[in-house]
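Remember, it's 1-based here, ligands and their atoms both numbered in the order they're listed. Only a predicted model underlies this, so the values are computations on that prediction, with no experimental measurement involved.
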Amino acid sequence: MPPEPSASPQTEAPAEGAVMPPEEFRRYGYQVIDWIADYMRQVRDYPVLARTRPGELLDSLPPFAPEAGEPMDLILNDFQKLILPAITHWNHPRFHAYFSVSSSGPGILAEALIAALNVNGMLWKSAPACTELEQTALGWLRQWLGLPESFFGVIHDTASSNALHAIAAARHLADPEARRRGHALPLTLYVSEHAHSSLEKGALVLGVGQDNVRKIQVDSEFRMRPDALRDAIEADLAAGKKPFFACATVGTTSVTSVDPVPAIADLAERYGLWLHVDGAYGGTAAIVPEFRCLLAGADRADSIVVNPHKWLLCPIDISVLYTRRPDVLRGAFSVVPEYLRTQEDPRALNLMDYGLPLGRRFRALKLWFVMRYFGHERAAAMIRTHVDWAREFAAWVEADSRFEVVAPAPLSLVCFRYRGSDEQNRRLMDAVNASGAAYLSHNVMAGRFVIRFAIGNLQTTRDDIAEVWRAIQQTAAGLQE
Ligand SMILES: *Cc1c(COP(=O)(O)O)cnc(C)c1O
């Protein structure tokens, strides 16, 4: 696949029969790998945010699939001509929206092998390597994070799925009959106002109900207030409710605030609540020795989530759920039909028992590749550097009297605003994004429009960050006129 679409692609017909001949696979395989290598080197040349209008790609594609197979050349050519322009480049070093993430060479190669093997890790017997490598890789990651050995790990697609799994396990513990009859107890669940929406989604899917999700007030630095949590639990108990689950977030999505996990753990213990620690983004920073304190108190949690697809160099998707109560998780989910029944062997774990999906991809392979390739040192150095740069960026913002930083930036996200109207802030962000130079996203905090600047890509350099800040400053100068 050449870097530019060729004007007249070869139109060699696909081979007869259903199988792609190995020689053809090899030829296009080399082309695709070459293309990926060039892409990784030249990704800066693309505008970060896709310059496409809603529906534009849809309108350019035929509404029906081909009756006869088409040649690979044509497909790859259309990938470049039609698909790429509609791509927002998450792997771009100046992607600073939401949380900035990284795919990486070893992660991409592992994904190719995962697809080639195509194992389904539902049972040990169906995929011994998938089952056992998951335990090894998650054991290694647990050590990097400084968590005790008592935590059992399992991989699912996203932190949202893992939140649902944690809530289901907590419900099983609080109301073991719920599995059979549906839960009868008036369960209530506690998160901070800044917790991720996936907790609320989990509660509504599991029938806890949105009205029974208590969004606890935060302090001036956007951390859950333990006194407010205690008051909410007490009020619910007095009203005959059954508090069963609390979530502390380590690195909230809106501002990366860190809830006081030890104080929340005290309350969870006192009132018998399942404690979930959501460290989807921020938890990974605990692999850096000096940031290990982020997970202080998390050793007392019943479950913890971290996402290697956010800040640990794995391509999406891979999210890790650690729990000290694997038996409870299993109790909540295990349903074994006869055709999936296997010989009991204590060392033959069947991962399907620890969650909703039966089928599971061999995601552990990419984590294993990434952890081995980068090693603890390089992975930790990347995170440390991102945090340093975020501090530097925040200092630049503070030094320009036209701007203000609106929240502490303990990790690699800086929330700031132009000292002007919400409308001006929106125009500023949209103009930077439309220029293609960078991609920033926004949030509304305390009723005001706030710009989020997230750092998290492996290829980002300090020059990138300085350049984006210059672009923001120049755009702001235009706003004043
Ligand atoms: C990103 C994020 C999530 C959701 O992660 P997914 O894997 O996309 O579901 C949950 N919690 C926090 C704190 C996050 O930052």
Check your understanding: Passes salt bridge (Lys or Arg N to Asp or Glu O under 4.0 Å), D157 versus R363? Steps please.
Key -> CA-CA 9 Å; D157 54 356; R363 297 186 185 90; 5.1 Å; no
If you count the atoms of ligand 1 from 1 in the order shown, which ones are under 4.0 Å from a heavy atom of [X]?
X    : result
H309 : 7 (O)
F99  : 15 (O)
K310 : 1 (C), 2 (C), 3 (C), 4 (C), 5 (O), 14 (C), 15 (O)
A280 : 2 (C), 3 (C), 10 (C), 11 (N), 12 (C), 14 (C)
N307 : 5 (O), 6 (P), 7 (O)
G251 : 13 (C)

Review point. Regarding H194 and S192, is there a side-chain donor-to-acceptor distance under 3.5 Å anywhere?
Key: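 There is no such pair (donor and acceptor under 3.5 Å, judged by atom type) between the side chains of H194 and S192.
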Check your understanding: Will you find, in the side chains of S319 and N307, an N or O donor that is under 3.5 Å from an N or O acceptor?
Key ->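 Judged by distance alone, the side chains do pair up.
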**Study point:** Contact (N/O only, under 3.5 Å) between S319 and ligand 1
**Key:**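 No; every N/O pair is 3.5 Å or more apart.
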Point to revise | Heteroatom proximity flag, Y281 to ligand 1, N/O under 3.5 Å | key: no
Counting non-hydrogen protein atoms only, what is the nearest one to [atom]? Give residue, atom name and distance.
atom                    : answer
atom 9 (O) of ligand 1  : S160 OG, 2.5 Å
atom 6 (P) of ligand 1  : A159 N, 3.5 Å
atom 10 (C) of ligand 1 : H196 CG, 3.2 Å

Check your understanding: Are R330 and D353 within salt-bridge range, i.e. N to O under 4.0 Å?
Key ->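 Looking at R330 and D353, the cut-off is met.
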Point to revise | Under-4.0 Å salt bridge between R44 and D464 | key: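 D464 and R44: salt-bridged.
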Review point. How are the rings of Y439 and F95 set relative to one another: parallel (under 30°), tilted (30 to 60°) or perpendicular (over 60°)?
Key: perpendicular
Review point. According to the interplanar angle, ranging from 0 to 90°, do the rings of Y354 and F152 count as parallel (below 30°), tilted (30 to 60°) or perpendicular (above 60°)?
Key: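 If you compare the ring of Y354 with that of F152, the planes turn out tilted.
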Review point. Could a heavy atom of D278 be found less than 4.0 Å from some atom of ligand 1?
Key: yes
Review point. Is there a donor-acceptor pair under 3.5 Å between the side chain of S257 and the backbone N or O of T252?
Key: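 Checking the backbone N and O of T252 against the side chain of S257, no donor-acceptor pair under 3.5 Å is found.
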